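The shown structure was predicted, so the numbers you read here are calculated from the model rather than taken from an experiment. In each ligand, atom 1 is the first atom listed, and ligand 1 is the first ligand listed. All values below come from the heavy atoms of this structure, side chains included, with hydrogens, waters and symmetry mates left out. Numbers here simply count residues along the sequence, with the first being 1.
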Amino acid sequence: MYGPLAETIRTQRLVLEPLAVHHADEMAPVLDDRRLHRYIGGEPLTRDELRARYAHLVAGPAPFHQEYWLNWIVRRARDRQAVGYVRATVTPAARGFTVTPPSTGSTVRPGPPRRIASVAWVIAMPYQGFGFATEAARVLLDWLLAHGVHDVVATVHPDNRPSAAVAAKLGLRRTGETTGDGEDVWRLPHGTPPT
Ligand SMILES: CC(C)(COP(=O)(O)OP(=O)(O)OC[C@H]1O[C@@H](n2cnc3c(N)ncnc32)[C@H](O)[C@@H]1OP(=O)(O)O)[C@@H](O)C(=O)NCCC(=O)NCCS
């Protein structure tokens, strides 16, 4: 079990609230815009469809997947308006190895488990351009790095310039790799400390 389940996180202007099924009622109208799907595929969901999706997300994957789904609704702090969401899918990465120094017997053991998080951000149309995605994603990365995640990746459609701008501002770098569906893979360079 992945210890740190999503908890409420606050920034100067935002509150990130762990996803619950009831959020579908307020999120459905906020996310009801086809332009949000231009680079991420799919289409706006009805309230009932969103409820079913959130129920699935909140339930999480089957345990044998060894994968954890962390989802937050992003609210503006001053008026509690829901403005979007962020999410992280955390999976175990290949274990490294720890070499005990020769002075103590020179053994090679499996290193501590490493975890990799794939992150994504969505901000509804009326609230874009205010730095909300950057602010929410930055605190998400800080939270993940402080809670046992070692590697952070994001996949971004090559034409999605706002999302690429967010990734770059977070310190992620385009790796040159692409996913099967043609998205650019961005990765946090190793050793990047939490901000
Ligand atoms: C990507 C997204 C989350 C950005 O949200 P946002 O709150 O507007 O983002 P921010 O305000 O934090 O930053 C956006 C950056 O993109 C830049 N940007 C916006 N439109 C741009 C464009 N057409 N070309 C280049 N840069 C652009 C902004 O200037 C800003 O950078 P700056 O602060 O250096 O000026 C939002 O556009 C969105 O939800 N899009 C639809 C869903 C999506 O594609 N999600 C990404 C999945 S990887």
Checklist line | G131 to ligand 1, any heavy atom closer than 4.0 Å | finding: yes
Checklist line | Min heavy-atom dist A120 to ligand 1 below 4.0 Å | finding: no
Check: With side chains defined as the heavy atoms from C-beta onward, is the minimum distance between N71 and Y85 less than 4.5 Å?
Finding: no
Item checked: N/O separation below 3.5 Å, W121 to ligand 1 -> yes
Notebook entry, point to check: What residue and heavy atom of the protein are closest to atom 25 (C) of ligand 1, and at what distance?
Noted result: R161 CB, 3.5 Å
Checklist line | Side chain to side chain, L70 and L144, heavy atoms closer than 4.5 Å | finding: yes
Next item on the list: Applying side chain to side chain contact (heavy atoms under 4.5 Å, CB included), name anything that partners A59, two or more places apart in sequence or on another chain.
Entry: none
Notebook entry, point to check: Is at least one protein non-hydrogen atom found at under 4.0 angstrom from atom 16 (O) of ligand 1?
Noted result: yes
Notebook entry, point to check: Of all the atoms in ligand 1, which lie at a distance below 4.0 Å from a heavy atom belonging to T134?
Noted result: 10 (P), 12 (O), 13 (O)
Checklist line | Beyond-backbone contact of R51 with T46, side-chain heavy atoms, under 4.5 angstrom | finding: no
Next item on the list: Say whether, by atom type as modelled, one donor and one acceptor occur between the side chain of R138 and the main chain of K169 under 3.5 angstrom.
Entry: yes
Next item on the list: Taking all heavy atoms of G182 and all of P158, pick out the closest pair and write down the distance.
Entry: O-CD, 3.3 Å
Item checked: Sub-4.0 Å atoms of ligand 1 with respect to non-hydrogen atoms of T155 -> 48 (S)
Check: Looking at ligand 1, does any of its N/O atoms fall within less than 3.5 Å of an N/O of N160?
Finding: yes
Next item on the list: Among all protein heavy atoms, pick out the one at the shortest distance from atom 42 (C) of ligand 1; state its residue, atom name and that distance to 0.1 Å.
Entry: L36 O, 3.5 Å
Checklist line | Where ligand 1 meets F130 - atom numbers and elements under 4.0 angstrom, heavy-atom basis | finding: 11 (O)
Checklist line | Salt-bridge criterion met for E26 and R75 (N-O under 4.0 Å) | finding: yes
Check: For ligand 1, which atoms, with element, lie under 4.0 Å from some heavy atom of V122?
Finding: 39 (O), 42 (C)
Notebook entry, point to check: So which protein heavy atom does atom 40 (N) of ligand 1 come closest to, and at what separation?
Noted result: Q128 NE2, 3.7 Å
Next item on the list: Please check if a non-hydrogen protein atom sits closer than 4.0 Å to atom 28 (C) of ligand 1.
Entry: no
Checklist line | Contact with ligand 1 for E183, non-hydrogen, under 4.0 angstrom | finding: no
Next item on the list: Assess whether atom CD of Q66 is packed by more than 12 heavy atoms of other residues, nucleotides or ligands within 6.0 Å.
Entry: no
Item checked: Between CG on residue L14 and CD1 on residue I9, distance to nearest 0.5 Å -> 11.0 Å
Next item on the list: Look at the aromatic rings of W72 and W143 and report parallel, tilted or perpendicular, splitting at 30° and 60°.
Entry: perpendicular
Check: With atoms numbered from 1 as shown, which atoms in ligand 1 lie under 4.0 angstrom from a non-hydrogen atom of S163?
Finding: 1 (C), 46 (C), 47 (C), 48 (S)
Check: Does some non-hydrogen atom of the protein lie less than 4.0 angstrom from atom 45 (N) of ligand 1?
Finding: yes
Notebook entry, point to check: Where does the angle between the aromatic ring planes of F130 and F132 fall among parallel (under 30°), tilted (30 to 60°) and perpendicular (over 60°)?
Noted result: tilted
Next item on the list: Select one of side chain, backbone, both or neither to describe which atoms of I123 lie under 4.0 Å from any atom of ligand 1, heavy atoms only.
Entry: both
Notebook entry, point to check: Nearest to atom 21 (C) of ligand 1, what protein heavy atom do you find, and at what distance?
Noted result: P162 CG, 3.7 Å
Note to self: Which heavy atom of A88 sits nearest to which heavy atom of L140, and what is that distance?
What the structure shows: CB-CD1, 4.4 Å
Notebook entry, point to check: To the nearest 0.5 Å, what is the distance between CZ (R115) and OG1 (T91)?
Noted result: 10.5 Å
Next item on the list: Report the part of V166 in contact with ligand 1, treating N, CA, C, O as backbone and CB onward as side chain, heavy atoms under 4.0 Å; options are side chain, backbone, both, neither.
Entry: side chain
Next item on the list: Ignoring hydrogens, just give me the one of A133, A168, G129 whose non-hydrogen atom is nearest atom 2 (C) of ligand 1.
Entry: A133
Margin query: Heavy-atom pairs closer than 4.0 Å: do any link ligand 1 to the side chain of R35, the backbone, both, or neither?
Written below: neither
Next item on the list: May I ask you to test the H157-I40 pair for a side-chain heavy-atom distance under 4.5 Å?
Entry: no
Next item on the list: Could you find the nearest protein heavy atom to atom 31 (O) of ligand 1 and give me its residue, atom name and distance?
Entry: K169 NZ, 3.3 Å
Notebook entry, point to check: Does ligand 1 have an atom that lies less than 4.0 angstrom from a heavy atom of V83?
Noted result: no
